[in-house]
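See below for the structure under consideration.
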Amino acid sequence: MTTLRALREGLVVVPEHGHVLPVWDARGFHREHVLFFDRHLDLKHVPPADCEALAALRGRPDDLAAQGRRLPFREPGHGRYGLDDFLYPALAGGWLASVCWVVPGDAGRDPARALLDALSLVPHVGQRVMETFVRTPWGARAELPVGSVACTGLGALGPDVLDGVTAVDLDLDFFVDSDGEADHTVAEVMDALGNDPSRYRSWTGSMSVSSGFVPKASGAALAGRLAQALGMELKAPPAETFTRHGDAAVPERGLAAAALGAPVEPELLKRLWAEELAAFGAQGATLRAVLDAQSARVDAAISGVRQARSLGARASWPAYVAGLAAMRAGRHADALELFALCTEDISDTLDAHAAILETICALRVGRARGAVERARRALGVIPLHHDTAGLLDRAGRAAGDSAARHDAQQHAKTLAEVWDGR
């Protein structure tokens with residue numbers, strides 16, 4: 001069995017991207033400047049208590065790996081970080097000082113917009129980004145409460161970016177999308193980096209096959225070509241290297257059904273509940289509610305959310321999915337209540353988007369004053385998002401609140417300066 005301590009050298013390509021954090025810890029990362037090739041910026045807000053708990057595990061990669069989360073659960077007791085947000089605690093905990101995100105394909109031609117899009121729904125960072133956002137000849141950069149972030153395209157890489165880099169990390173979805181369509185080749189990346197891998201202290205990557213971002217047929221081949229180009233031994237540890245330290249049992253069938261996003265027939269879900277989900281308590285109830293919601297069974301999903309919460313889950317994920325289903329069915333009062341469950345504590349990107357949808361639902365059911373309050377809260381938590389000012393203006397108009405409309409118009413001017421460079 002591969003151990004984390006055995007991953008200190010060579011090119012390590014982990015199964016999913018969140019697994020790289022304990023590898024960085026095993027390699028002794030301290031305030032590194034990482035060049036991050038990825039189709040997605042794996043950075044979302046992680047609560048300070050979780051960041052502090054993870055930072056306390058520095059030098060203990062096995063214990064750090066045990067804190068990894070199986071998406072999409074964001075509940076107490078189900079981990080403190082995952083494949084879509086690990087960069088935030090990596091910055092907060094001092095493993096990284098900065099991240100320069102290299103975005104692939106067409107998005108790489110407008111890295112400033114790519115960075116703003118990626119950060120606009122991240123709670124509690126927008127004000128700092130707005131204060132520090134700068135366009136550069138090669139892309140854009142900004143400060144977060146936990147560190148620095150920048151964005152560029154492959155064609156813009158040069159000394160201004162590379163001279164400060166100490167480590168390179170590549171998600172294989174940088175090269176191909178989930179359908180196997182190629183954006184870049186390994187040779188292109190190596191050429192942009194100067195074909196001198198020794199100048200960087202660490203090379204890591206992610207297969208991203210099980211999450212569906214990279215086709216299985218592409219993953220191993222790309223990793224092999226990358227190792228060959230680097231002249232390094234390829235180490236591709238199995239998922240068990242990272243998961244055996246935590247809770248091994250997960251509702252695999254339920255997670256697979258949720259990942260598909262397709263409707264599940266009631267009889268099939270009934271069998272799934274009896275054969276697997278019921279044994280997982282709040283986790284199983286959460287999944288059943290999600291599966292009912294994605295099958296457009298709104299009443300069953302609402303009941304499932306209530307059951308999951310009664311079993312101790314926060315249940316923001318099923319509440320969000322059920323809220324979307326209720327909106328599609330025109331049941332805006334029900335959707336309003338469901339999104340309100342998500343916004344009890346706005347920490348995740350899902351919660352932030354729920355704050356926007358909650359405001360829209362309040363307007364649709366005629367609660368104009370409540371919509372103003374909700375719009376102000378959304379603007380305060382995600383001020384960088386381009387919908388927040390417009391929503392506050394709409395709510396202010398409906399409520400006859402001139403102060404809200406004035407504030408919305410002022411904020412819209414600030415947003416235009418950031419987004420459009422005006």
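Only a predicted model underlies this, so the values are computations on that prediction, with no experimental measurement involved.
The pair Arg374-Glu358 meets the salt-bridge criterion, with a side-chain N (NZ, NE, NH1 or NH2) lying under 4.0 Å from an Asp/Glu carboxylate O. A salt bridge is absent between Glu276 and Arg271: the closest approach of a Lys/Arg side-chain nitrogen to an acidic carboxylate oxygen does not fall below 4.0 angstrom. Ionic pairing of Arg69 and Asp84 is present here: one or more N-O contacts between side-chain nitrogen and carboxylate oxygen are shorter than 4.0 angstrom. With respect to Arg199 and Asp163, a salt bridge is recorded, a charged nitrogen being found less than 4.0 Å from a carboxylate O.
Checked against Leu172 for a side-chain contact (heavy atoms from CB on, under 4.5 Å), the options Leu222, Val209, Val186 give a single hit: Leu222.
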Item to check | Trace of the side-chain contact (heavy atoms from CB on, under 4.5 Å) decision for Val418 with Leu116 | outcome: CA-CA 9 Å; Val418 175; Leu116 290 171; 3.8 Å; yes

Next on the checklist: The test is side-chain contact (heavy atoms from CB on, under 4.5 Å); show your working for Val264 and Leu272 and say whether it passes.
Outcome noted: CA-CA 10 Å; Val264 178; Leu272 185 60; 5.7 Å; no

Checklist entry - Hey, mind stepping through Ser202 and Arg27 against side-chain hydrogen bond (donor to acceptor under 3.5 Å, both in side chains) and telling me if it holds? => result CA-CA 8 Å; Ser202 172; Arg27 292 186 168 194; 2.8 Å; yes

Item to check | Audit row: Asp196, Ser198, side-chain hydrogen bond (donor to acceptor under 3.5 Å, both in side chains) steps and yes/no | outcome: CA-CA 6 Å; Asp196 182 15; Ser198 63; 2.7 Å; yes

Checklist entry - Could you go step by step and tell me if His33 and Thr166 meet the side-chain hydrogen bond (donor to acceptor under 3.5 Å, both in side chains) rule? => result CA-CA 5 Å; His33 301 275; Thr166 60; over 6 Å; no

Next on the checklist: Evaluate Arg306 against Ile302 for side-chain contact (heavy atoms from CB on, under 4.5 Å), listing each step before the verdict.
Outcome noted: CA-CA 6 Å; Arg306 290 171 179 160; Ile302 291 173; 3.7 Å; yes

Next on the checklist: Apply side-chain contact (heavy atoms from CB on, under 4.5 Å) to residues Leu144 and Leu119 and explain how you reach the verdict.
Outcome noted: CA-CA 10 Å; Leu144 305 177; Leu119 296 175; 4.3 Å; yes

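Using a distance-only test at 3.5 Å, with no hydrogens or angles considered, no donor-acceptor pair links the side chain of Asp50 to the main chain of Tyr81. Counting only distance, with no hydrogens or angles, the side chain of Thr204 and the backbone of Val12 share no donor-acceptor pair below 3.5 Å. Looking at Lys235, its side chain does come within 3.5 Å of a backbone N or O of Ala6 through a donor-acceptor pair. Of the possible donor and acceptor atoms, one in the side chain of Thr132 sits under 3.5 Å from a partner among the backbone N and O of Arg128. Between the side chain of Ser218 and the main chain of Val214, no donor-acceptor pair closer than 3.5 Å is present. Here the side chain of Asp173 pairs no donor or acceptor atom with the backbone of Asp177 at under 3.5 angstrom. Under a 3.5 Å cut-off, the side chain of Arg309 and the backbone N or O of Arg314 do form a donor-acceptor pair. With Ser303 contributing its side chain and Asp299 its backbone, the two residues share a donor-acceptor pair below 3.5 Å. Under a 3.5 Å cut-off, the side chain of Trp101 and the backbone N or O of Asp38 do form a donor-acceptor pair. A donor-acceptor pair under 3.5 Å is formed between the side chain of Glu32 and the backbone N or O of His30.
In this structure, Pro318 and Ala289 approach most closely via the heavy-atom pair CB-CB, 3.6 Å. Of all heavy-atom pairs spanning Gly10 and Met232, the tightest one is C-SD, 4.2 Å. The shortest non-hydrogen separation linking Gly108 to Pro111 is O-CD, 3.4 Å. Scanning both residues, Cys342 and Asp351, for their nearest heavy atoms gives O-OD1, 3.2 Å. Of all heavy-atom pairs between Gly153 and Val102, the closest is C-CG1, 4.0 Å. Between Ala26 and Leu4, the shortest heavy-atom contact is CB-O, 3.6 Å.
Around atom CD of Glu9, no more than 12 heavy atoms belonging to other residues, nucleotides or ligands sit under 6.0 Å away. The local environment of CZ in Arg377 is crowded, with over 12 non-hydrogen atoms from other residues, nucleotides or ligands closer than 6.0 Å. Counted within 6.0 Å of CZ on Arg141, heavy atoms from surrounding residues, nucleotides or ligands total 12 or fewer; the atom is thus considered open. With a 6.0 Å radius and a threshold of 12 heavy atoms from other residues, nucleotides or ligands, Glu265 has its CD atom at or below the threshold. Taking a 6.0 Å sphere around CD of Glu344, one finds it holds more than 12 heavy atoms contributed by other residues, nucleotides or ligands.
Note: Phe29 and Trp24 have parallel aromatic rings, judged against thresholds of 30 and 60 degrees for the angle between ring planes. Note: His17 and Phe36 have parallel aromatic rings, judged against thresholds of 30 and 60 degrees for the angle between ring planes.
Under a cutoff of 6.0 Å and an axis angle of 45°, Arg31 and Trp95 do not form a cation-pi pair.
Taking the six-membered ring wherever Trp is involved, the centroid distance between the rings of Phe37 and His184 does not fall below 6.0 Å.
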